Visitor: 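First the structure, then my questions, so here it is.
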Amino acid sequence: MAGLYIILMGVQGSGKGVQADFMRDHYGIPHVSTGDLFRAMKMRTDPLAQQIQEIMESGQLVSDEITNQVVRERLEQPDAKNGAILDGYPRSLGQAQWLENYLQSRGERLTAVLLLDLDLYQAFRRAFGRVTCSSGESYNIYSNSDGIEWAFVEDPNKQFPPRLEATLKATGEKLIRRADDASAHAIVQRIDTYLHTTQPLIDYFEGKGLVQRVDASKPIEGVSCEIKRVINQMRK
Ligand code: AMP
């Protein structure tokens with residue numbers, strides 16, 4: 001059977017990570033995130049790894065040439081022989097075209113571009129409202145707030161708007177908010193960057209009939225179920 005090559009796209013908060021894990025387990029193909037691959041290079045001291053680290057720190061994109069090379073090496077690992085879930089890649093039309101040509105040279109093709117569709121206001125609330133406790137359990141002040149109490153706390157110097165703080169009712173533990181989730185501005189900026197980089201790619205793949213939209217506002221299991229249905233259909 002032909003391999004399963006899925007490009008996974010979705011705004012932050014759309015559940016990309018959870019659904020990538022689901023597909024990895026269900027289809028036995030690895031989750032290939034170029035961001036993770038590049039971050040893993042931090043441990044290396046060779047010039048290429050150092051160059052990549054500098055680019056990432058500056059918030060820029062790594063060149064298509066280097067990115068494609070890293071993806072090629074990853075897709076040639078034995079665990080990717082039946083396909084892969086690509087996350088954070090492609091991020092440019094050059095990468096998209098390279099990937100298609102590369103797969104073709106191996107007698108393979110892209111199976112689908114899965115777009116986890118989420119209303120942007122919901123995406124904002126999923127990130128902005130997210131709090132975790134020390135055991136790793138996650139809550140959301142908007143959608144999953146049973147067991148937690150939240151309140152606005154004034155900045156003592158009144159220089160900044162009030163901060164939102166959440167506490168676990170049962171133990172009084174203060175819940176943690178990722179610094180980049182606590183900043184509305186940073187969240188909006190991440191959403192904006194996502195829209196700008198992905199839209200040309202969505203248009204490109206749409207022209208090839210590869211884009212499949214999945215409603216990501218449903219509960220996790222419902223989204224997984226829909227993903228299975230869509231992949232089955234695209235595999236035929
Ligand atoms: P991410 O975790 O996907 O947000 O990626 C973190 C950083 O890695 C990005 O800001 C880029 O510097 C780099 N990166 C990840 N994927 C790509 C890609 N497909 N093309 C270029 N740079 C990438």
Side-chain angles (χ1 to χ4, degrees), residues 5-24 29-77 80 83-103 110-118 120 123-124 126-128 130 132 138 178-183 185-205 208 210-211 216:
Y5 292 91
I6 307 285
I7 293 174
L8 186 58
M9 286 184 183
V11 67
Q12 58 156 9
S14 61
K16 233 171 15 143
V18 179
Q19 299 304 337
D21 287 352
F22 159 73
M23 285 192 271
R24 179 198 59 206
I29 53 175
H31 172 199
V32 174
S33 147
T34 40
D36 286 350
L37 289 175
F38 290 142
R39 272 184 290 275
M41 285 186 168
K42 274 191 183 157
M43 313 302 280
R44 291 182 6 194
T45 51
D46 56 281
L48 176 65
Q50 278 183 340
Q51 192 193 340
I52 289 173
Q53 200 171 328
E54 275 166 29
I55 296 170
M56 285 177 79
E57 275 165 14
S58 72
Q60 314 243 311
L61 287 180
V62 179
S63 73
D64 284 357
E65 200 187 344
I66 294 176
T67 308
N68 292 338
Q69 181 60 25
V70 166
V71 168
R72 175 205 289 268
E73 280 171 21
R74 182 64 188 89
L75 293 183
E76 286 173 3
Q77 301 291 313
I85 305 144
L86 294 158
D87 176 5
Y89 178 91
R91 259 185 167 84
S92 69
L93 288 176
Q95 292 178 9
Q97 282 158 348
W98 179 88
L99 177 67
E100 287 179 302
N101 290 336
Y102 170 70
L103 290 178
L110 267 177
T111 315
V113 176
L114 276 186
L115 184 58
L116 298 185
D117 234 351
L118 187 67
L120 294 184
F124 177 85
R126 283 192 182 181
F128 193 64
R130 178 164 52 191
T132 34
S138 190
R178 261 175 45 181
D180 53 347
D181 282 347
S183 156
H185 179 251
I187 296 175
V188 170
Q189 211 160 38
R190 269 188 279 159
I191 293 178
D192 196 49
T193 306
Y194 166 80
L195 293 175
H196 269 95
T197 35
T198 49
Q199 198 53 52
L201 291 163
I202 294 170
D203 294 343
Y204 174 77
F205 286 122
K208 296 175 173 256
L210 284 169
V211 175

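Fair warning: this is a prediction, and the values are worked out from it, not measured in the lab. Numbering of ligands and ligand atoms starts at 1, following listing order. Scope of the values below: all heavy atoms of this structure, side chains included, with no hydrogens, waters or symmetry mates. Position 1 is the first residue of the sequence; numbering continues from there.
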Visitor: Compare every heavy atom of Y89 with every heavy atom of Q95, then report the nearest pair and how far apart it is.
Guide: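 So the two residues come closest at OE1-CD1, 3.2 Å.
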
Visitor: Check step by step if side-chain contact (heavy atoms from CB on, under 4.5 Å) holds for E65 and W98.
Guide: CA-CA 9 Å; E65 200 187 344; W98 179 88; over 6 Å; no

Visitor: Side-chain contact, heavy-atom cut-off 4.5 Å: Q199 with I202?
Guide: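 They are in contact (side-chain heavy atoms under 4.5 Å apart), so the answer is yes.
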
Visitor: Just distances here: any N/O of Q60 and N/O of ligand 1 closer than 3.5 Å?
Guide: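 Yes, at least one N or O pair falls under 3.5 Å.
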
Visitor: Considering only the protein, which heavy-atom contact is closest to atom 19 (N) of ligand 1, and what is its distance?
Guide: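 Here the nearest protein heavy atom works out to G88 O, 2.9 Å.
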
Visitor: For atom 15 (C) of ligand 1, which of R190, R91, M41 has the closest heavy atom?
Guide: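 Nearest heavy atom to atom 15 (C) of ligand 1 lies in R91.
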
Visitor: Walk me through whether E54 and Q50 qualify under side-chain hydrogen bond (donor to acceptor under 3.5 Å, both in side chains).
Guide: CA-CA 6 Å; E54 275 166 29; Q50 278 183 340; over 6 Å; no

Visitor: To the nearest 0.5 Å, how far apart are CG in L114 and CG in D117?
Guide: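 Nearest 0.5 Å value for the CG-CG distance: 11.0 Å.
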
Visitor: Closest non-hydrogen protein atom to atom 13 (C) of ligand 1, residue and atom name please, with distance?
Guide: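 Minimum-distance protein heavy atom for atom 13 (C) of ligand 1 reads F38 CD1, 3.7 Å.
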
Visitor: Please write down residue, atom name and distance for the protein heavy atom closest to atom 22 (N) of ligand 1.
Guide: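 Going atom by atom, the protein heavy atom closest to atom 22 (N) of ligand 1 ends up being V62 N, 3.0 Å.
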
Visitor: Using a 4.0 Å cutoff against the non-hydrogen atoms of R39, which atoms of ligand 1 qualify?
Guide: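 Under 4.0 Å from R39, ligand 1 has these atoms: 2 (O), 6 (C).
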
Visitor: Given 3.5 Å as the limit, does a donor-acceptor pair link the side chain of T132 with the main chain of S138, or not?
Guide: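 Not a single qualifying donor-acceptor pair exists.
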
Visitor: Looking only at protein heavy atoms, identify the closest one to atom 16 (N) of ligand 1 and say how far it is in Å.
Guide: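 So the nearest neighbour among protein heavy atoms is T34 OG1, 2.8 Å.
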
Visitor: Do you know the tightest heavy-atom contact between R74 and A80?
Guide: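 Closest pair (atom of R74, atom of A80, distance): O-CB, 3.9 Å.
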
Visitor: Looking at ligand 1, does T67 have a heavy atom less than 4.0 Å from it?
Guide: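 Yes, T67 has heavy atoms under 4.0 Å from ligand 1.
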
Visitor: I need the nearest protein heavy-atom contact for atom 20 (N) of ligand 1: residue, atom name and distance, please.
Guide: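 Going by distance alone, atom 20 (N) of ligand 1 is nearest to Q95 NE2, 2.9 Å.
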
Visitor: So, the side chain of T34 versus the backbone of G88: is there a donor-acceptor pair under 3.5 Å, distance only?
Guide: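 Confirmed, T34 side chain pairs with G88 backbone.
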
Visitor: Which residue and atom name correspond to the protein heavy atom nearest atom 5 (O) of ligand 1, and how close is it?
Guide: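 Nearest protein contact, heavy atoms only, for atom 5 (O) of ligand 1 is G35 CA, 3.4 Å.
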
Visitor: In the protein, which heavy atom is nearest to atom 8 (O) of ligand 1, and how far is it?
Guide: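 Its nearest protein heavy-atom neighbour is M56 CE, 3.5 Å.
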
